[in-house]
Colleague: 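One structure is given below, represented as structure tokens, and several questions about it will come after.
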Amino acid sequence: MTIELRVRVPINALVGEGPVWDDQKSVLWWIDILSSKLYAFDPQTEVNREWDVGQHVGTVVPWRDQEVALALAHGFGSFHLETGQVRIFNDPECNQPGNRFNDGKCDPAGRLWAGTMAYEDPRNQGSLYCLDTNCQVTKVLGGIGISNGIIWSHDHKTMYYIDSLSFALRAWDFAVNSASIANERTILQVEPDFGLPDGMTIDEEGMLWVAFYGGGKVCRVHAETGEILQTLDMPVSAITACAFGEAELDTLYITCAAQGLSEAELAKAPQAGNLFSAQTGFKGVPATRFGGQPPQPAPQKSS
């Protein structure tokens, strides 16, 4: 089967990431981490709106009418689309200025999971956190190199997660009521020359779509056996993430990066950092919105 790729947004994002379809607004949210940009792409109008968040942003998920939830350089928070206000809910690594948040998604109960990585020489300085709907944070995993893709099975009983520097896609048993994980196992292990496993999504058949940074491809992976069922070759190398979108959730959107490319290298790969789409013949499932209710500020005492 030949899959036609389309460039939907021709910009050279430094680190395009975090695509997620908002079924209420009918837009694809995505980000450029190192440019501190939040984007909303409308496939009907082909308009890509942008906002400057004011700090590096690792992931975005739909939330309220005029607010999205974010994992930022300085913790979990939100961004108001009209006022441009950033609210920080909780910063679990306020004592680690050399780290920033990276990829994340909401679990079936509406909690936001996201992990961290070091800006310089990432090895094992990162962690995976869960932001509950009351905006309390739990550290779930430590010793992470580059925290990346995370998704849950349709029956809510399995969590899939990628630490890119492990070159592995791992799974845990997941308890949706308590957000606890157990019984770690490796689903897929790849060699370094295959590319760094990065962001991922899940289709309606329960199979995983994994982006490979430096590998120039997106692979459809069997969620239990780890068998690579299909490979979508890309015209650029640094593929970061993917997500199904549009009304029927039948369009796979793919983000990539242009960071580190010289002018000569960018001339040879002019589509680096673009937002792509592809009709794969498969459909996705609706993304879970953030279900958080941040505590209200205490009323100020009158003098």
Side-chain angles (χ1 to χ4, degrees), residues 1-33 35 37-51 57 59-62 68 103 105 148-149 151 195 197-221 228-259 261 266 269-288:
M1 176 183 177
T2 301
I3 298 175
E4 181 182 357
L5 283 169
R6 292 178 59 194
V7 171
R8 306 305 292 273
V9 181
I11 60 176
N12 299 122
L14 291 177
V15 185
E17 254 282 11
V20 59
W21 181 254
D22 187 330
D23 58 0
Q24 293 185 14
K25 292 184 178 296
S26 297
V27 298
L28 183 88
W29 297 106
W30 64 296
I31 56 176
D32 181 352
I33 295 176
S35 294
K37 293 292 181 65
L38 168 68
Y39 298 123
F41 175 68
D42 184 338
Q44 294 298 314
T45 63
E46 297 287 328
V47 171
N48 188 59
R49 295 183 64 192
E50 72 171 58
W51 296 263
V57 51
T59 200
V60 56
V61 292
V68 292
D103 202 3
K105 287 290 182 292
N148 251 312
I151 203 75
D198 205 311
M200 66 177 162
T201 191
I202 193 167
D203 65 30
E204 64 179 359
E205 296 181 7
M207 301 298 107
L208 305 171
W209 293 75
V210 182
F212 285 90
Y213 190 97
K217 55 185 171 284
V218 177
C219 293
R220 186 175 189 244
V221 178
I228 295 178
L229 304 172
Q230 186 173 344
T231 298
L232 174 59
D233 291 317
M234 301 292 296
V236 294
S237 175
I239 312 304
T240 56
C242 54
F244 287 95
E246 303 197 17
E248 301 299 320
L249 294 174
D250 59 354
T251 300
L252 186 69
Y253 283 93
I254 303 158
T255 54
C256 58
Q259 68 169 338
L261 296 182
L266 194 57
Q271 295 174 327
N274 288 189
L275 177 68
F276 291 88
S277 72
Q279 302 300 131
T280 65
F282 296 94
K283 294 184 179 182
V285 295
T288 304

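The residues of the chain are indexed from 1 along the displayed sequence.
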Colleague: Would you give the length of the straight line joining atom CZ of R6 to atom CG of L275, rounded to the nearest 0.5 angstrom?
Modeller: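 If I round to the nearest 0.5 Å, the distance is 10.5 Å.
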Colleague: With rounding to the nearest 0.5 angstrom, report the CG to CG distance, L232 to L252.
Modeller: 7.0 Å
Colleague: With sequence neighbours left out, write down each residue that passes ring-ring contact (aromatic ring centres under 6.0 Å, His included) with F276, or none if nothing qualifies.
Modeller: none
Colleague: Mind checking what makes side chain to side chain contact (heavy atoms under 4.5 Å, CB included) contact with E4, not counting sequence neighbours?
Modeller: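 If we apply the side chain to side chain contact (heavy atoms under 4.5 Å, CB included) test to E4, skipping adjacent residues, there are no hits.
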Colleague: Looking at residues at least two apart in the chain, or sitting in another chain, which of them share a side chain to side chain donor-acceptor pair (under 3.5 Å) with D22?
Modeller: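 Testing D22 for side chain to side chain donor-acceptor pair (under 3.5 Å), a comparison that skips the adjacent residues, returns W29, R289.
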Colleague: What's the shortest heavy-atom distance between G18 and I31, and which atoms?
Modeller: N-CG1, 4.3 Å
Colleague: Mind checking what makes side chain to side chain contact (heavy atoms under 4.5 Å, CB included) contact with P10, not counting sequence neighbours?
Modeller: V7, N274
Colleague: Tell me whether the guanidinium CZ or amine NZ of R220 lies under 6.0 angstrom from the six-membered ring centre of F282 and within 45° of its axis.
Modeller: yes
Colleague: Residues in side chain to side chain contact (heavy atoms under 4.5 Å, CB included) with Q44, at least two apart?
Modeller: D42
Colleague: Working to the nearest 0.5 Å, report the span between SG of C256 and CG of D198.
Modeller: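 Rounded to the nearest 0.5 Å, the SG-CG separation comes to 11.0 Å.
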Colleague: Considering all heavy atoms of both residues, which atom of V236 and which atom of A272 are nearest to each other, and what is their separation?
Modeller: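 Heavy-atom minimum between the residues: CG1-N, 3.5 Å.
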Colleague: Checking T45 side chain against V47 main chain: does a donor-acceptor pair fall under 3.5 Å?
Modeller: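 Yes, because the side chain of T45 sits within donor-acceptor range (under 3.5 Å) of the backbone of V47.
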Colleague: With sequence neighbours left out, what residues match E204 under side chain to side chain donor-acceptor pair (under 3.5 Å)?
Modeller: none
Colleague: Taking the side chain from D32 and the backbone from L14, do they hold a donor-acceptor pair closer than 3.5 Å?
Modeller: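 Here the side-chain-to-backbone pair exists.
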Colleague: If I take atom CH2 from residue W209 and atom CG from residue L229, how far apart are they, to the nearest 0.5 angstrom?
Modeller: 9.0 Å
Colleague: Just verifying a value: how many Å separate Q259 CD and T240 OG1, rounded to the nearest 0.5 Å?
Modeller: 10.0 Å
Colleague: Check step by step if ring-ring contact (aromatic ring centres under 6.0 Å, His included) holds for Y253 and W30.
Modeller: CA-CA 10 Å; Y253 283 93; W30 64 296; 9.4 Å; no
Colleague: Let me confirm one number: the CZ-CZ distance from R49 to F41, rounded to the nearest 0.5 Å.
Modeller: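 Going from CZ on R49 over to CZ on F41, the span is 14.0 Å.
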Colleague: Determine the minimum heavy-atom distance between D103 and G199, stating which atoms define it.
Modeller: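 Closest approach of D103 to G199: OD2-CA, 3.7 Å.
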